[in-house]
A.B. asks: 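This is the structure I want to talk about, given as structure tokens.
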Protein chains: 2
Amino acid sequence: MKRSLEHITYGKDTEALAKFAKALGHPTRIAILKHLENQSCCFTGDLVDVFPLAQSTISQHLKELKNAGLIQGELKPPKIKYCINQENWQTAKTMFKDFFER
Amino acid sequence: MKRSLEHITYGKDTEALAKFAKALGHPTRIAILKHLENQSCCFTGDLVDVFPLAQSTISQHLKELKNAGLIQGELKPPKIKYCINQENWQTAKTMFKDFFER
DNA sequence: AAAACCTATCGTATATTTGCGATAAGAAAT
DNA sequence: ATTTCTTATCGCAAATATACGATAGGTTTT
């Protein structure tokens, strides 16, 4: 890349929406979230059993969802319970809604 | 990648939602769509003037949005008028809404 | 203390995305 | 017919994403 351009920035809302969308832009992550919607919460191991993916791969997807703020992990030794981050979930919901409503 | 796994497939809706989300997962594409929402339609050249990106880059983003079905191009020689694809827009809107509603 | 269990992280390989300039392709105007 | 205008596509380079196995880190159990 010859990105000499000084890193274009957009409005805060534009960046935020793109970030959420990016996190949702992989079928595995959608599936994980749908699973979380049903269970409300679950452990990493549960997902490893459900999906034909390596444990490290699942962990990586969870990390991205966490970075995007869509989920959060609660230490439940020796496991980690992942839940949907309600606050950010609502934010994302509203942002998508407003975006599509025009 | 050692993707020996025979290409995991998910439910149709999961794949479709991920595809929409992926297309939305870049700030430039969000910005383009927001622009289209205001103007309802516009030409490639308009966008080249608005964004500090090469014409080829804009064209590529438009291509991805078109592939995702979010926009459509109408031949208006010698230009091409891009508009939001109303039908798919509604589909996407509903899919995101249903996804976030739980 | 050692073993077992669960999850994150590292290192690596490959695929995809993003961006650019250059060029091609099409129609309109001269 | 040539030039001009507009957009798409090609070829390339760099960054990012995706996936895996191996390993590390932390707790609990034995």
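Naming convention: chains lettered A, B, ... in sequence-line order (proteins, then strands); numbering from 1 in each chain.
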A.B. asks: Can you tell me which nucleotide in C/dC20, D/dT18, C/dT7 comes closest to the side chain of A/Arg29?
C.D. replies: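 Comparing C/dC20, D/dT18, C/dT7 against the side chain of A/Arg29, the answer is D/dT18.
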A.B. asks: If only side-chain N and O atoms of B/Thr57 are considered, is one of them under 4.0 Å from the OP1 or OP2 phosphate oxygen of C/dC20?
C.D. replies: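 It does, given that an N or O in the side chain of B/Thr57 lies less than 4.0 Å from OP1 or OP2 of C/dC20.
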A.B. asks: For a 4.5 angstrom cut-off between non-hydrogen side-chain atoms, does A/Phe99 reach B/Glu37?
C.D. replies: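 The answer is yes; the side chains approach within 4.5 Å.
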A.B. asks: For the pair made of CD in B/Gln60 and C1' in C/dA22, what is the distance, rounded to whole Å?
C.D. replies: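 Rounded to the whole Å, the gap is 14 Å.
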A.B. asks: Rounded to whole angstroms, how far apart are NZ on B/Lys22 and P on C/dA15?
C.D. replies: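 Result: 14 Å.
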A.B. asks: Please confirm whether A/Lys81 makes a cation-pi placement over A/Phe43, using NZ or CZ under 6.0 Å from the six-membered ring centre and within 45° of the ring normal.
C.D. replies: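 Cation-pi check for A/Lys81 and A/Phe43: fails.
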A.B. asks: Does any N or O in the side chain of B/Arg29 come within less than 3.5 Å of the main-chain N or O of B/Ala23, such that one atom is a donor and the other an acceptor?
C.D. replies: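 A pair under 3.5 Å: yes.
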A.B. asks: Under 3.5 Å, sequence neighbours excluded: what are the donor-acceptor pairs made by side chains of residues 86-93 of chain B?
C.D. replies:
from    : atom 1 : to       : atom 2 : distance (Å)
B/Gln86 : OE1    : A/Arg102 : NH2    : 3.2
B/Asn88 : ND2    : B/Gly69  : O      : 3.0
B/Trp89 : NE1    : A/Phe100 : O      : 3.0
B/Thr91 : OG1    : B/Glu87  : O      : 3.1

A.B. asks: Does C/dT17 have OP1 or OP2 under 4.0 Å away from a side-chain N or O of B/His61?
C.D. replies: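 It does not, given that no N or O in the side chain of B/His61 lies less than 4.0 Å from OP1 or OP2 of C/dT17.
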A.B. asks: How close or far is atom P of D/dT7 from atom OH of B/Tyr82, stated in whole angstroms?
C.D. replies: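 For the pair B/Tyr82 OH and D/dT7 P, the rounded distance is 8 Å.
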A.B. asks: Measure CD1/A/Ile8 against C1'/D/dA15 and give the value in whole Å, please.
C.D. replies: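 So the two atoms are 14 Å apart, to the nearest Å.
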A.B. asks: Exactly one of A/Ile32, A/Asn85, A/Leu24 should register a side-chain contact (heavy atoms from CB on, under 4.5 Å) with A/Leu70. Which one does?
C.D. replies: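 Considering A/Ile32, A/Asn85, A/Leu24, a side-chain contact (heavy atoms from CB on, under 4.5 Å) with A/Leu70 is found only for A/Leu24.
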A.B. asks: Could you check which of D/dT7, D/dC20, D/dT18 has an atom nearest any side-chain atom of A/Ala54?
C.D. replies: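 Between D/dT7, D/dC20, D/dT18, the one nearest the side chain of A/Ala54 would be D/dC20.
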A.B. asks: Closest approach to the side chain of A/Glu64, judged atom by atom: which nucleotide of C/dT7, D/dT18, C/dT18 is it?
C.D. replies: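 Taking heavy atoms from C-beta onward, the closest nucleotide is D/dT18.
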A.B. asks: Phosphate oxygens OP1/OP2 of C/dT16: is one of them under 4.0 Å from a side-chain N or O of B/His26?
C.D. replies: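 B/His26 to C/dT16 OP1/OP2: no side-chain N or O under 4.0 Å.
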A.B. asks: Figure out the CG/P separation between A/Leu47 and C/dA8, and round it to whole Å.
C.D. replies: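 Interatomic distance, CG of A/Leu47 to P of C/dA8: 10 Å.
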A.B. asks: For A/Glu15, is there an ion pair with A/Lys19 - N to carboxylate O distance below 4.0 angstrom?
C.D. replies: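 The answer is no: the pair does not qualify as a salt bridge.
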A.B. asks: What does the B/S/- profile of nucleotides 22-30 of chain D look like, 5' to 3', with a 4.0 Å heavy-atom cutoff to protein?
C.D. replies: B----SS--
A.B. asks: Rounded to whole angstroms, how far apart are CD1 on A/Ile80 and P on C/dC5?
C.D. replies: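 Taking CD1 of A/Ile80 and P of C/dC5, I get 18 Å after rounding.
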A.B. asks: Rounded off to whole Å, could you give me the CD1-to-P distance for the B/Ile58 and D/dT7 pair?
C.D. replies: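 Rounding to the nearest Å, CD1 of B/Ile58 and P of D/dT7 are 11 Å apart.
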A.B. asks: Round to a whole Å and report the spacing from CZ of B/Phe51 to P of C/dC20.
C.D. replies: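 Checked: the CZ to P distance equals 13 Å.
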A.B. asks: Side-chain N or O of B/Thr44 versus OP1/OP2 of D/dA8: is the shortest distance under 4.0 Å?
C.D. replies: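 True: B/Thr44 side-chain N/O within range (under 4.0 Å) of D/dA8 OP1/OP2.
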A.B. asks: Can you confirm whether the side chains of B/Thr14 and A/Lys34 place a donor and an acceptor under 3.5 Å from each other?
C.D. replies: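 Their side chains do contain a donor-acceptor pair, which is all the 3.5 Å distance test asks for.
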